[in-house]
Amino acid sequence: MKMSRYFLHTLREAPSDAEAAGHQLLLRSGSIDQLMAGVYTYLPLGWRVKRKVEQAVREEMDRAGGIELHMPALQPLDIWEQSGRADSMGSVLFRLRDQRERAMALGPTHEEVVTSLFASHARSYRDLPMTLYQIQTKFRDEARPRGGLVRVREFTMKDAYSFDMDDAGLDVSYDAMFVAYRRIFDRCGVPTIAVEADSGAIGGKDSREFMFLTEIGEDVIVRCDRCDYAANTEKADFRRVPAPIKVPLPTEEVATPGTSTIEALAALLGVPASKTAKAVLYMATDPHDASAPAQPVFVVVRGEMQVNEIKVRNHLHGVELRPMTDVEARAYGIVPGYTSPIGIDARVRVIADRAVAETPNLVAGANRDGMHLRNVNHGRDWSAAEGDVIDCALAEVGYGCPRCDGTLGAARGIEMGHVFRLGRIYSEAFNVTVLDEAGKQRVPIMGCYGIGVDRIIAAAVEQHHDERGIIWPATIAPFDVHLVGLGLGRDAALAADAEALYAELEAAGLDVLFDDRDESPGVKFNDADLIGLPLRVTVSSRNQTAGVVEVQRRDAGEAEKIARADVVAHLVAAHRASIGTLLGR
RNA sequence: CGGGGUGUAGCUCAGCUUGGUAGAGCGCGUCGUUCGGGACGACGAGGCCCACAGUUCAAAUCUGUGCACCCCGACCA
């Protein structure tokens with residue numbers, strides 16, 4: 001491609017809307033353009049990157065046995081009601097009506113479509129196992145798009161769905177996807193780690209997220225410093241330190257006027273926060289039944305810990321939680337600021353984290369203004385209901401690893417992909433049955449697997465750039481070679497040779513961006529650095545005289561002078577080597 | 001949805017406090033000089049100052065109401 005004829009306009013300064021380096025560089029390099037919050041145009045340069053990423057994903061999915069298809073983004077709302085997610089997806093689902101007022105949705109994901117599709121086509125165990133995938137535009141009405149391509153409302157996802165007869169088959173399908181994901185991210189130059197994850201509104205269990213670790217990540221993960229345990233904090237467990245064996249002491253009241261926070265309480269009584277019990281009050285509502293009254297929930301964790309609301313919600317089967325108001329609390333006889341699990345109104349469901357239940361002689365509220373109780377013990381003075389002592393505290397840096405005696409550290413990350421064993425939630429909802437070898441109807445078990453294509457691009461730039469611009473991994477670079485012609489307008493012979501080299505490189509199978517513009521060397525070099533193609537070739541009168549051209553790798557090293565006659569072979573070899581490294585060959 | 005911030009030229013911003021009819025740098029066009037790391041000169045194009053409603057002789061500027069975008073939080077297959 002000749003730059004003089006290309007639709008490409010670099011920016012010297014980044015638009016002020018962009019904060020992350022990767023977002024700024026994608027904008028400055030003329031790769032993307034924002035249309036509105038969370039909606040971007042892929043400009044020609046960015047579009048080439050996107051197609052390369054898609055192709056990398058496609059090849060690896062095919063290699064793993066996936067079969068590509070393409071499902072509609074526009075979907076009837078019926079299927080969302082059939083699965084129950086019309087409610088549970090809530091406001092994230094883009095809804096619309098056609099001219100006959102039929103309710104529809106723009107697909108935020110495709111479990112419903114693929115499962116109803118599979119139901120009408122699959123008949124026999126001979127059709128299984130089957131993994132179907134697509135690369136599709138998804139729509140999610142995100143409350144807060146952010147970070148350029150990181151969280152957007154219209155985006156491209158590769159989503160795959162596996163159908164198997166039994167758990168053992170699902171394991172095979174799942175493992176194949178897991179391996180393919182590793183290869184995809186490696187190939188695109190995006191380092192990821194697989195972490196245990198909450199499966200969220202999609203349902204299912206046993207899910208793993210592939211996280212790209214970065215300061216700008218919106219998820220927090222914890223990792224063990226000794227073993228390979230890693231988990232999203234939404235899901236993470238930690239080792240509760242066994243309490244030293246202590247005899248429960250008699251409770252005693254202590255006056256604590258004006259002490260309604262754990263910090264103030266710990267300071268006033270001279271005890272660590274870990275010797276206190278923290279009460280957090282919620283109202284829980286059922287997203288599937290808006291008419292049902294909100295239920296009061298009282299979560300107790302140790303004073304130094306935070307409630308993991310995701311775990312509480314999952315424990316309560318997907319309810320929505322909101323903080324209880326003081327007015328509501330008083331209606332249940334609760335004194336806000338001095339809340340006590342002791343003698344709580346029977347209508348209030350008490351859920352306790354294991355750590356608080358196992359720690360003796362804690363300071364807790366007395367449910368009287370200005371009063372706390374010392375030496376409160378779970379089991380003697382108060383109790384969560386049967387089955388309501390659970391892991392529901394947030395894992396934090398410095399806590400013990402749940403798997404070994406290591407310590408947890410924390411990092412931020414962006415979710416690049418997610419794989420999980422779905423189970424039969426959807427296949428049952430859509431009445432998928434196939435006949436097994438004995439002629440009996442069986443419901444297949446499903447897995448689902450997603451990758452954010454746009455996020456791969458965002459992460460690749462975030463990971464590979466310097467102060468001058470992008471350093472594209474060779475596998476996803478928009479072009480392979482940046483051919484820079486200096487002073488072509490003043491030297492007809494040079495211009496002719498640059499044209500010839502351009503043609504030779506293209507003929508050799510390289511994608512070339514040829515800067516044939518009438519611009520000064522500084523402008524051209526700066527644009528080349530900004531755009532970040534892996535290889536830069538400079539032709540100039542100076543080099544021409546010596547019979548050489550100059551080759552510069554974007555990722556490292558000094559420029560090399562290469563004999564004009566050898567340059568095509570040299571670049572082909574350099575390109576192959578870079579691709580080979582990323583493919584792990 | 002709560003909190004904060006910002007809307008003036010394609011981009012980055014000044015002007016707003018103290019109302020008087022629009023500015024800079026970069027970018028863009030033409031011409032000339034330059035030509036290996038964002039050159040220089042001359043001339044030029046380009047703005048419904050986010051929108052609407054007030055106040056005023058007069059509003060980019062003051063007031064109100066919206067809207068958009070960004071950040072933090074809530075939310076998030």
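Letters A, B, ... are given to chains in the order of the sequence lines, protein chains preceding strands, and every chain is numbered from 1. Bear in mind the structure is a predicted one, so any value in this text is a computation, not a measurement.
B/G4 and B/G47 have their P atoms separated by 36 Å, given to the nearest Å. B/U34 and B/G41 are spaced 11 Å apart, taking the C1' atom of each and rounding to whole Å. Between B/G27 and B/C40, the distance separating the two P atoms is 9 Å to the nearest Å. A distance of about 30 Å separates the C1' atoms of B/G19 and B/C11, rounded to the whole Å. Look at the P atom in both B/G15 and B/U61: the space between them is 15 Å, to the nearest Å. For the P atoms, the distance linking B/A60 with B/C50 amounts to 10 Å, nearest Å. B/U56 and B/C28 have their P atoms separated by 48 Å, given to the nearest Å. As rounded to the nearest Å, B/G7 and B/A14 have C1' atoms that lie 15 Å from one another.
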Carefully, step by step, assess A/Gln295 and A/Tyr282 under the rule side-chain hydrogen bond (donor to acceptor under 3.5 Å, both in side chains).
-> CA-CA 8 Å; A/Gln295 298 295 318; A/Tyr282 296 99; over 6 Å; no
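For A/Arg146, the side-chain atoms get nearest to B/G73 when compared with the rest of B/G36, B/U12, B/G73. You'll find that the side chain of A/Ser520 is closest to B/A39, out of B/C11, B/A39, B/C69. Distances were taken from every side-chain heavy atom of A/Arg144 (C-beta onward) to each of B/A74, B/U12, B/G36; the shortest belongs to B/A74. Distance from the side chain of A/Val523 is smallest to B/G38 among B/C76, B/G38, B/G36.
Between the side chain of A/Glu13 and the base of B/G25 there is at least one donor-acceptor pair of N/O atoms closer than 3.5 Å. Counting distance only, with no hydrogens placed and no angle test, the side-chain atoms of A/Ser540 and the base atoms of B/G36 include a donor-acceptor pair under 3.5 Å. A/Glu550 contributes a side-chain N or O that forms a donor-acceptor pair with the base of B/G36 under 3.5 Å. For A/Asp17 against B/G7, no side-chain N or O and base N or O form a donor-acceptor pair under 3.5 Å.
Taking a pair to require two hydrogen-bonding distances under 3.5 Å in either a Watson-Crick or a G-U wobble arrangement, B/C31 pairs with B/G41.
Between A/Pro108 and A/Ser16, the one whose closest nucleotide on RNA chain B sits nearer the 5' end is A/Ser16. Nearer the 5' end of RNA chain B, as judged by each residue's closest nucleotide, is the contact made by A/Pro15, out of A/Pro15 and A/Asp529.
In this pair, A/Tyr502 and A/Phe514 present their aromatic rings tilted. The plane angle is within the 30 to 60° band. Ring planes of A/Phe210 and A/Phe178: tilted class, angle from 30 to 60°. The aromatic rings of A/Phe420 and A/His418 are tilted relative to each other, their planes meeting at an angle between 30° and 60°.
The side chain to side chain contact (heavy atoms under 4.5 Å, CB included) test with A/Pro478 singles out one residue from A/Leu513, A/Val49, A/Ile470, A/Leu8, and that residue is A/Val49. Each of A/Lys50, A/Lys138, A/Arg455 was evaluated against A/Thr156; a single residue qualifies, A/Lys50, per the side chain to side chain donor-acceptor pair (under 3.5 Å) test.
Spacing between atom CD of A/Glu218 and atom P of B/C76 amounts to 13 Å, rounded to whole angstrom units. Summarising the geometry, the separation between CG on A/Asp515 and P on B/G37 is reported as 15 Å, rounded to the nearest angstrom. Between the CZ atom of A/Phe94 and the C1' atom of B/C76 there is a distance of 13 Å, rounded to whole Å. Between A/Leu35 atom CG and B/C69 atom C1' the separation is 12 Å, expressed in whole Å. As rounded to whole Å, 14 Å separates atom C1' of B/C26 from atom CG of A/Asn526. The CG-P distance, from A/Asp518 to B/U30, rounds to 11 Å in whole Å.
Contact annotation for A/Ala14: backbone-only contact, meaning every heavy-atom pair under 4.0 Å involves sugar-phosphate atoms and none involves a base. A/Asp527 comes within 4.0 angstrom of a base, heavy atoms only.
A donor-acceptor pair under 3.5 Å is absent between the side-chain atoms of A/Asp164 and the main chain of A/Asp167, judged by distance alone.
Here A/Arg12 reaches the OP1 or OP2 of B/G27: one of its side-chain N or O atoms lies under 4.0 Å away. Distances shown here put every side-chain N or O of A/Arg536 at or beyond 4.0 Å from the OP1 or OP2 atom of B/G36.
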